[in-house]
Engineer: 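Dropping the structure in here first, questions after.
Letters A, B, ... mirror the listed sequences (proteins, then strands); counts begin at 1.
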Number of protein chains: 2
Amino acid sequence: MGDAFTIGRLARDTGTKVPTIRFYEEIGLLGTPIRTASGHRRYGSGDVRRLAFIRSARKLGFSTEEIRSLLGLTEHPEQSCGAASDIARRHLGEVERHIEQLIKLRDELRAISTVCPGSNVSDCGVIAAIAHSPA
Amino acid sequence: MGDAFTIGRLARDTGTKVPTIRFYEEIGLLGTPIRTASGHRRYGSGDVRRLAFIRSARKLGFSTEEIRSLLGLTEHPEQSCGAASDIARRHLGEVERHIEQLIKLRDELRAISTVCPGSNVSDCGVIAAIAHSPA
DNA sequence: CCTACAATCTCCAGTCACTATAGATTCAAG
DNA sequence: CTTGAATCTATAGTGACTGGAGATTGTAGG
């Protein structure tokens with residue numbers, strides 16, 4: 001365990017921007033790290049794993065609150081599973097609804113942008129189509 | 001044209017919240033309306049159409065900046081068409097990319113939430129799956 | 001005319017998840 | 001020892017609203 005990371009190293013290793021790490025500390029997703037005598041943050045490999053988890057979950061679309069729950073669950077491993085998969089399934093439902101809406105939207109936009117495919121006709125239907133879209 | 005709307009009526013007619021209307025005025029999507037002697041905003045049917053257009057475009061996912069462009073184009077109808085359909089097609093491309101990403105995400109979430117379908121097993125793969133997702 | 005109460009007014013703070021800037025210090029390499 | 005990169009704190013900005021406080025005004029019933 002001779003592992004000691006600066007904030008910049010932690011940022012590089014996890015694909016996170018430095019201010020984002022400080023932000024996560026501020027909102028309590030990351031704990032307050034130890035500091036060097038001059039005040040610089042020092043991290044260990046546990047922090048790398050935790051931050052990597054946070055970033056993965058964010059990319060999967062979990063909110064910081066959901067991530068807080070997931071991280072909390074890892075501290076009570078005996079009952080984690082049901083609650084964790086609840087969070088994941090609820091989130092899956094939201095993503096599926098979101099996809100449905102976007103597909104409707106895409107079909108509308110396709111219709112709108114074929115009304116006038118870039119010609120120089122002086123009155124076309126794009127604006128009208130947006131105005132009268134049932135969205 | 002004996003049409004005169006209060007802000008509340010305009011809100012009801014367009015499915016917009018009152019503060020949102022004032023916000024649109026503040027950022028210049030809606031012009032500054034005439035006021036009654038006591039300072040209350042008065043709107044006409046032109047404002048209803050303009051606000052309805054803004055709301056439709058927002059529901060279609062256009063940003064307020066894009067809407068500003070679209071509204072600007074309506075004031076130069078001779079060259080509107082090409083530029084308007086450019087905006088729509090660019091936006092369509094973004095929506096299509098967004099859908100692709102969400103489908104990948106959905107497949108991952110499905111995999112994750114079937115790892116442990118809510119049983120009471122004490123160590124399951126949900127947390128690990130999130131941590132090791134390639135997202 | 002008076003009393004309620006609903007609607008409107010302005011101004012400001014909060015949301016979410018960061019991102020960026022300024023100005024001061026500190027670290028690491030040559 | 002100097003230079004430049006990295007870090008520090010603190011604060012403000014983003015986008016697109018939403019909500020609340022506290023004051024004024026509009027309107028309907030008695």
Side-chain angles (χ1 to χ4, degrees), chain A residues 4-30 32-44 47 50-71 91 94-95 98 101 105 135, chain B residues 4-30 32-43 47 50-71 87 91 94-95 98 101 105 135:
Chain A
F5 300 85
T6 64
I7 195 169
R9 179 76 198 286
L10 180 58
R12 265 188 308 281
D13 286 6
T14 58
T16 312
K17 295 191 177 166
V18 169
T20 304
I21 295 173
R22 293 195 273 248
F23 169 73
Y24 286 157
E25 180 185 332
E26 192 183 314
I27 66 171
L29 282 190
L30 291 176
T32 58
I34 43 175
R35 303 281 189 131
T36 65
S38 60
H40 287 199
R41 291 167 177 83
R42 275 301 120 132
Y43 298 95
D47 299 302
R50 190 178 176 97
L51 180 54
F53 175 83
I54 295 169
R55 294 309 292 168
S56 293
R58 283 293 299 133
K59 280 177 196 146
L60 288 170
F62 290 93
S63 70
T64 50
E65 270 319 299
E66 288 171 321
I67 295 170
R68 204 186 300 279
S69 301
L70 289 169
L71 287 168
H91 186 55
E94 279 162 26
V95 169
H98 198 169
Q101 286 174 355
L105 166 55
Chain B
F5 299 85
T6 64
I7 196 170
R9 179 76 198 286
L10 180 59
R12 253 174 276 121
D13 287 6
T14 58
T16 312
K17 294 189 179 167
V18 168
T20 304
I21 295 173
R22 294 195 271 249
F23 169 74
Y24 285 156
E25 180 184 331
E26 192 182 314
I27 66 171
L29 283 190
L30 291 175
T32 58
I34 43 174
R35 302 281 187 131
T36 64
S38 61
H40 287 198
R41 292 167 176 82
R42 276 301 120 133
Y43 297 95
D47 299 302
R50 192 179 175 97
L51 180 54
F53 176 83
I54 294 169
R55 295 308 293 168
S56 292
R58 284 294 297 134
K59 280 177 196 145
L60 288 171
F62 290 94
S63 69
T64 51
E65 269 320 299
E66 289 170 321
I67 294 170
R68 206 188 299 280
S69 301
L70 289 169
L71 287 168
I87 293 174
H91 185 55
E94 280 162 26
V95 169
H98 197 170
Q101 287 174 354
L105 166 55

Engineer: If I take atom CZ in residue B:Phe23 and atom P in nucleotide D:dG15, what distance separates them, rounded to the nearest angstrom?
Structural biologist: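 Atom CZ in B:Phe23 sits about 9 Å away from atom P in D:dG15.
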Engineer: Send over the distance from B:Arg35 CZ to D:dT25 P, rounded to a whole Å.
Structural biologist: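 The distance from CZ of B:Arg35 to P of D:dT25 comes to 13 Å, rounded to the nearest Å.
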Engineer: B:Lys17 has an atom NZ; how far is it from atom P of D:dG19, in whole Å?
Structural biologist: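 Checked: the NZ to P distance equals 4 Å.
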Engineer: Does B:Thr64 make a side-chain N or O approach to OP1 or OP2 of D:dA16 shorter than 4.0 Å?
Structural biologist: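 Answer is yes, contact under 4.0 Å.
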Engineer: When you check the gap from the basic side-chain N to the acidic O, do B:Glu25 and B:Arg22 get nearer than 4.0 Å?
Structural biologist: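 The answer is no: the pair does not qualify as a salt bridge.
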Engineer: Could you tell me how far apart B:His40 (NE2) and D:dG26 (P) are, to the nearest whole angstrom?
Structural biologist: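 Going from B:His40 (NE2) to D:dG26 (P), I get 5 Å.
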Engineer: Taking the nucleotide of DNA chain C with the nearest heavy atom to each, does B:Arg12 or A:Arg42 sit closer to the 5' end?
Structural biologist: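 Closest to the 5' end, via its nearest nucleotide, is B:Arg12.
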Engineer: At under 4.0 Å, does any side-chain N or O of B:Ser38 touch on OP1 or OP2 of D:dG26?
Structural biologist: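 It does, given that an N or O in the side chain of B:Ser38 lies less than 4.0 Å from OP1 or OP2 of D:dG26.
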Engineer: Is it the case that the side chains of B:Tyr43 and B:Arg50 hold a donor-acceptor pair, with the cut-off being a distance below 3.5 Å and no angle test?
Structural biologist: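 On atom types as modelled, these side chains do not qualify, holding no pair under 3.5 Å.
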Engineer: For chain B and DNA chain C, what are the first and last nucleotides along the strand, 5' to 3', with at least one atom under 4.0 angstrom from a heavy atom of the protein chain?
Structural biologist: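 Range of nucleotides touched by chain B: C:dT8 to C:dT10.
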Engineer: Within less than 4.0 Å of OP1 or OP2 of D:dA16, is there a side-chain N or O belonging to B:Tyr24?
Structural biologist: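 So the side chain of B:Tyr24 is outside the cut-off, no N or O lying under 4.0 Å from OP1 or OP2 of D:dA16.
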Engineer: Which sits closer to the 5' end of DNA chain C, B:Arg9 or A:Ser63, going by the nucleotide each is nearest to?
Structural biologist: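 Closest to the 5' end, via its nearest nucleotide, is B:Arg9.
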Engineer: By the 4.0 Å heavy-atom rule, please label B:Thr36 as base, sugar-phosphate, or nothing.
Structural biologist: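 No contact.
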Engineer: Return the CZ to OG1 distance between B:Phe5 and B:Thr14, rounded to the nearest 0.5 Å.
Structural biologist: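 If we round to the nearest 0.5 Å, B:Phe5:CZ and B:Thr14:OG1 are 10.0 Å apart.
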Engineer: What is the distance, to the nearest angstrom, from the NZ atom on B:Lys59 to the P atom on D:dA16?
Structural biologist: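 Distance, rounded to whole Å: 16 Å.
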Engineer: Once you round to the nearest 0.5 Å, how far does OH of B:Tyr24 lie from CD1 of B:Ile67?
Structural biologist: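 So the OH of B:Tyr24 and the CD1 of B:Ile67 are separated by 6.5 Å.
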Engineer: In whole Å, I'd like the distance from the CZ atom of A:Phe5 to the P atom of D:dT7.
Structural biologist: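 Computing the A:Phe5:CZ to D:dT7:P distance gives 13 Å.
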Engineer: Would you compute the distance between atom OG1 of B:Thr6 and atom CZ of B:Arg41 and round it to the nearest 0.5 angstrom?
Structural biologist: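 Between atom OG1 of B:Thr6 and atom CZ of B:Arg41 there are 11.5 Å.
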Engineer: Supply the atom-to-atom distance B:Thr20 OG1 to B:Ile54 CD1, rounded to the nearest 0.5 angstrom.
Structural biologist: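 If we round to the nearest 0.5 Å, B:Thr20:OG1 and B:Ile54:CD1 are 11.0 Å apart.
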Engineer: Please answer whether the main-chain N or O of A:Gly44 pairs with a side-chain N or O of A:Asp47 as donor and acceptor at a distance below 3.5 Å.
Structural biologist: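 Such a contact is found between A:Asp47 side chain and A:Gly44 backbone.
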Engineer: With a 4.0 Å limit, can you tell me whether A:Arg22 has a side-chain N or O closer than that to the phosphate oxygens OP1/OP2 of D:dT9?
Structural biologist: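 No, outside the criterion.
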